[in-house]
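Atoms considered below: every heavy atom in the structure, side chains included; atoms not considered: hydrogens, waters and symmetry mates. Every number for a ligand or one of its atoms is a count from 1 in the order of the listing.
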Amino acid sequence: MIPQSFDYTAPATLDQALGLIAQGAKPLAGGMSLIPMMKLRLASPEHLVDIGRLKELNYIREGADGLHIGAAATHYDVETSPLIRGKCPLLSETAGYIGDVQVRNMGTIGGSIAHADPSADYPAALQALEAKIVLQSGTAQRTVSAAGFFVDTFATALASGEIVSEVIVPVEDAGTGTSYQKMVQPASGFAIVGLAARIRRAGGKIATARIGVTGLANKSYRATAAEKALEGTAGSATDIQSAALLVPQGVEANSDLHASADYRKHLATVYASRAIFAALARTA
Ligand SMILES: Cc1cc2nc3c(=O)[nH]c(=O)nc-3n(C[C@H](O)[C@H](O)[C@H](O)COP(=O)(O)OP(=O)(O)OC[C@H]3O[C@@H](n4cnc5c(N)ncnc54)[C@H](O)[C@@H]3O)c2cc1C
């Protein structure tokens with residue numbers, strides 16, 4: 001349980017951090033995933049650059065295109081921010097489900113999504129929100145969709161020398177209701193399955209539906225068949241349950257000692273129904 005020896009730098013600026021990362025140093029944010037991996041010797045970086053303390057990466061503000069959340073914002077910051085609670089409640093609700101209070105105080109949104117654990121909570125919400133992820137290197141910046149960012153288990157669109165600098169989520173309108181529902185693995189707190197629903201109702205019908213899924217497959221995804229099935233319906237119990245059955249469609253489900261593939265698929269349909277019901281109840 002003792003990591004291999006490593007160098008540690010706490011740079012004063014983002015530029016300095018990106019310079020070191022370009023030379024091969026590994027970013028350290030909250031350390032909630034990286035330090036346990038180092039202790040188990042699943043990762044042995046020679047040089048850690050602490051970006052979790054950079055004020056340049058720790059902000060939550062509103063822009064013309066949505067809410068901008070710096071990568072070093074902790075899960076607690078996201079959970080409790082009045083701006084996010086008021087304008088993008090799905091994200092703050094999801095943050096409140098992560099781990100325990102210690103993890104939420106230390107872990108960051110940038111670290112969580114860069115780690116890309118297939119059972120992490122944020123990815124479901126970010127898929128449903130059609131969030132944008134800003135990637136920054138010492139020389140360039142680019143923006144990718146959440147759908148394009150999560151590539152595989154513990155694999156993302158991040159290129160060598162890049163960090164996640166910011167997450168951009170939409171400001172919800174009054175007709176939109178959202179909910180995150182999670183079957184918790186009690187020992188770790190991670191999601192056996194986690195379902196994020198985002199429903200906009202107009203003229204008594206479901207105008208748009210977005211459903212993000214985590215825990216079921218190798219990576220988070222949007223359940224587009226279920227979304228299409230819901231859109232245009234009145235959102236009756238039958239409409240919701242029929243759509244929820246489509247959530248695991250075409251997915252190769254994870255299987256482990258906590259839940260078999262078939263049981264996970266069943267859970268996904270149950271938690272999808274719950275999330276959609278709850279989201280619909282929150283539409284104006
Ligand atoms: C007991 C426990 C319970 C947990 N329960 C849950 C849970 O229920 N749900 C859940 O979703 N998560 C859970 N987690 C994980 C937690 O959310 C972590 O905070 C998160 O996975 C990693 O964030 P971090 O800021 O700690 O990153 P770190 O551990 O510092 O880094 C993780 C990885 O991301 C890289 N990295 C960090 N920041 C960036 C960046 N900005 N750009 C590019 N790369 C970066 C690091 O180099 C490293 O590879 C749990 C963790 C623990 C220890």
Can you confirm whether the side chains of [X] and [Y] place a donor and an acceptor under 3.5 Å from each other?
X: Glu231; Y: Thr233; answer: no
X: Ser137; Y: Glu162; answer: no
X: Tyr8; Y: His47; answer: no

Among the heavy atoms of Met37, does any lie under 4.0 Å from an atom of ligand 1?
no
Does some non-hydrogen atom of Gly31 fall short of 4.0 Å from ligand 1?
yes
Can you confirm whether [X] sits close enough to [Y] that some side-chain heavy atom of one is under 4.5 Å from a side-chain heavy atom of the other?
X: Leu83; Y: Leu67; answer: yes
X: Thr214; Y: Leu216; answer: no
X: Val49; Y: Leu28; answer: no

Over 60° means perpendicular and under 30° means parallel, so classify the ring planes of Tyr180 and Tyr97, tilted if in between.
perpendicular
Find all atoms of ligand 1 within a distance of less than 4.0 Å from any non-hydrogen atom belonging to [X], and give their numbers and elements.
X: Ser188; value: 3 (C), 4 (C), 5 (N)
X: Pro27; value: 44 (N), 46 (C), 47 (O)
X: Leu158; value: 43 (C)
X: Met32; value: 18 (C), 19 (O), 26 (O), 29 (O), 53 (C)
X: Gly189; value: 7 (C), 8 (O)

Among all protein non-hydrogen atoms, which one is nearest to [atom], and what is the separation to 0.1 Å?
atom: atom 9 (N) of ligand 1; answer: Asp121 OD2, 2.6 Å
atom: atom 17 (O) of ligand 1; answer: His75 NE2, 3.0 Å
atom: atom 37 (C) of ligand 1; answer: Gly111 CA, 3.4 Å
atom: atom 22 (C) of ligand 1; answer: Ser33 OG, 3.4 Å
atom: atom 45 (C) of ligand 1; answer: Ala114 CB, 3.4 Å
atom: atom 31 (O) of ligand 1; answer: Leu34 CB, 3.8 Å
atom: atom 25 (O) of ligand 1; answer: Thr108 OG1, 2.6 Å
atom: atom 14 (N) of ligand 1; answer: Phe190 CZ, 3.2 Å

Does Arg274 make a cation-pi contact with Tyr271, if we ask for NZ or CZ under 6.0 Å from the ring centre and within 45° of the axis?
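The answer is yes; both the distance and angle limits are met.
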Proximity winner for [atom], if only heavy atoms of [options] are counted:
atom: atom 49 (O) of ligand 1; options: Lys182, Lys26, Glu162, His115; answer: Lys26
atom: atom 24 (P) of ligand 1; options: Gly30, Gly52, Gly215; answer: Gly30
atom: atom 1 (C) of ligand 1; options: Leu57, Val103, Ile35; answer: Val103
atom: atom 41 (N) of ligand 1; options: Asp117, Val167, Val164, Thr94; answer: Val164

Does this structure show an ion pair linking Lys265 with Glu252, if we count only N-O contacts that are shorter than 4.0 Å?
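No, Lys265 and Glu252 are not salt-bridged.
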Arg198/Glu172 salt bridge by N-O under 4.0 Å criterion:
yes
Qualifying residues under side chain to side chain contact (heavy atoms under 4.5 Å, CB included), relative to His258, sequence neighbours excluded
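Per chain and number, His258 pairs via side chain to side chain contact (heavy atoms under 4.5 Å, CB included) with Gln185, Ile192, Asp256.
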Considering only heavy atoms, does [X] approach ligand 1 within less than 4.0 Å through its side chain, its backbone, both, or neither?
X: Ala43; value: neither
X: Ala71; value: side chain
X: Ile51; value: side chain
X: Met38; value: neither

Can the ring centroids of Tyr59 and His68 be said to lie less than 6.0 angstrom from one another?
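No, they do not, as the ring centres are separated by 6.0 Å or more.
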Checking side chain to side chain contact (heavy atoms under 4.5 Å, CB included) for the pair Asp7/Leu48: CA distance, chi angles, key distance, verdict?
CA-CA 6 Å; Asp7 293 329; Leu48 291 186; over 6 Å; no
Write down the atom of Leu230, the atom of Asp239, and the distance for their closest heavy-atom approach.
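Scanning both residues, the minimum pair turns out to be CD2-O, 4.0 Å.
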Polar contacts were defined as any N/O atom of the residue lying under 3.5 Å from an N/O atom of the ligand; does this apply to Gly107 and ligand 1?
no
Counting both backbone and side chain atoms, is some N or O of Leu28 under 3.5 Å from an N or O of ligand 1?
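There is no such contact.
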Sorted by chain and number, sequence neighbours left out, side-chain hydrogen bond (donor to acceptor under 3.5 Å, both in side chains) with Glu130 holds for Arg210, Arg222
